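Notes follow once the structure below has been shown.
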Amino acid sequence: MAEAYIRARDLSKVYKSGESDLVVFSDVSLDVHKGEMLALVGESGAGKSTLLHLLGGLDRPSNGTIYYGGTEISGLADSEQADFRNREIGFVWQIHYLLPEFTAEENVMMPLLIRGAPHAQAAAESLARLDEVGLRARSSHRAGELSGGEQQRVVLARALVGRPSVLLADEPTGNLDFRTGEMIFELLEGLHRTHQLTSVLVTHNLSFAKRCDRVLNLEKGGLVPGPQNGSQPGGSREYL
């Protein structure tokens, strides 16, 4: 039976909209099993990115709790959450957010430098991850000198340079053409396996989603099972 590493319980997210409340979702519970590759799908505006932000500690739920193993990240102070994110979670976004004045190598180094790692160690780890995504030869090029697919490969290297246990990706192929998107997703699948990650991906691409271990659909403020092609790991039936 697979172990649940990420456990979200009774999550709600409510935004103030004038004098009324905008409820994005309410009482959502979710288990993500250790080593699992989970896809979140749903219509635009359903709250998928909001849920991913909550799981990543980038925002706080209006109600509910989020555990990584025995750590309740929703209860950590801001500085503690930031340190946890830096060490435990790698992020991949649809927009690459690379720093244009820095090279690919320097962009990938950033999470380690923020952590306080020595420059030489950060540089070595950066080049190793760029080599892993096939971009070591482009390490000295600035972001604007790279193609869209190359930029997204730099983002993957940056997400993994700190050796996280969890990868969270929001539409990682959304800005790419079909062939480049296919290449990035294949690379992401391989990195998930080789780095023994627990991964959660938000995507509108159902063909990519069905290559994951499990698919959940966020609709009408709740999670329901989505189309499945992969094998669903064993675990609690109480929580999706």
Side-chain angles (χ1 to χ4, degrees), residues 6 13 15 24-25 28 30 32 36-59 82 85-86 88-102 104 106-108 110-111 129-130 132-135 138 141-162 164 166-192 195 197-219 223 226-227:
I6 304 174
K13 188 61 182 178
Y15 292 104
V24 182
F25 47 75
V28 166
L30 168 67
V32 186
E36 181 178 22
M37 193 174 189
L38 172 68
L40 292 176
V41 302
E43 295 181 355
S44 296
K48 303 182 300 298
S49 294
T50 299
L51 179 55
L52 199 73
H53 278 70
L54 296 183
L55 294 178
L58 294 167
D59 195 5
R85 287 195 304 269
N86 180 271
E88 295 296 326
I89 306 173
F91 294 96
V92 177
W93 308 110
Q94 181 174 353
I95 301 173
H96 57 72
Y97 296 116
L98 297 174
L99 299 172
E101 66 272 26
F102 292 105
E106 291 166 337
N107 269 281
V108 175
M110 287 298 171
R129 299 290 80 75
L130 285 169
E132 203 170 11
V133 300
L135 281 182
R138 304 281 278 168
H141 290 254
R142 289 184 171 84
E145 299 171 325
L146 303 173
S147 69
E150 288 172 334
Q151 289 174 350
Q152 201 66 338
R153 280 191 276 165
V154 173
V155 170
L156 285 172
R158 182 181 62 186
L160 297 178
V161 73
V166 170
L167 181 71
L168 302 181
D170 192 357
E171 296 289 354
T173 63
N175 282 343
L176 304 173
D177 62 77
F178 176 78
R179 288 187 178 181
T180 306
E182 175 71 26
M183 180 270 292
I184 291 295
F185 194 82
E186 286 182 359
L187 182 58
L188 199 155
E189 287 177 305
L191 293 170
H192 169 83
H195 286 263
L197 295 166
T198 299
S199 301
V200 182
L201 282 68
V202 166
T203 182
H204 281 101
N205 190 315
L206 287 181
S207 66
F208 289 163
K210 288 190 286 187
R211 285 160 57 175
C212 295
D213 297 309
R214 188 163 51 118
V215 184
L216 294 179
N217 187 14
L218 185 59
E219 61 177 28
L223 285 171

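Since the structure is predicted, the reported quantities are computational estimates derived from the model, not experimental observations.
- Inter-residue side-chain proximity for Cys212 and Glu189 is flagged as unmet; no heavy-atom pair is nearer than 4.5 Å.
- The shortest distance between side-chain heavy atoms of His195 and Arg129 falls below 4.5 Å.
- Salt-bridge check for Arg142 with Glu101: failed, with every basic side-chain N at 4.0 Å or more from each acidic carboxylate O.
- At a threshold of 4.5 Å between non-hydrogen side-chain atoms, the residues Leu223 and Leu40 count as touching.
- There is no side-chain donor-acceptor pair under 3.5 Å between Thr203 and Asn205.
- Checked by atom type, the side-chain pair Gln152/His96 shows no donor-acceptor distance below 3.5 Å.
- Taking CG of Leu52 as the reference point, atom CG of Asp59 lies at 11.5 Å (rounded to 0.5 Å).
- In this structure, the side chains of Val154 and Leu146 come closer than 4.5 Å at one or more pairs of heavy atoms.
- Remark: His53 pairs with Trp93 by the ring pair (Phe, Tyr, Trp, His ring centres under 6.0 Å) rule, at least two apart or across chains.
- Note: Ser49 OG to Gln94 CD = 8.5 Å, rounded to the nearest 0.5 Å.
- Counting heavy atoms from C-beta on, the side chains of Met183 and Arg153 come closer than 4.5 Å.
- Taking a cutoff of 4.0 Å between a charged side-chain nitrogen and a carboxylate oxygen, Arg158 and Glu132 do not qualify as a salt bridge.
- Cation-pi check for Lys210 over Phe208 is not met; the charged atom does not lie both under 6.0 angstrom from the ring centroid and within 45 degrees of its normal.
- At a threshold of 4.0 Å, the pair Asp170-Lys48 does not count as salt-bridged, since none of the basic side-chain nitrogens sits closer than that to a carboxylate oxygen.
- At a threshold of 4.5 Å between non-hydrogen side-chain atoms, the residues Glu36 and Arg214 count as touching.
- Within the model, atoms CD of Glu186 and CG of Leu188 stand 11.0 Å from one another, a figure rounded to the nearest 0.5 Å.
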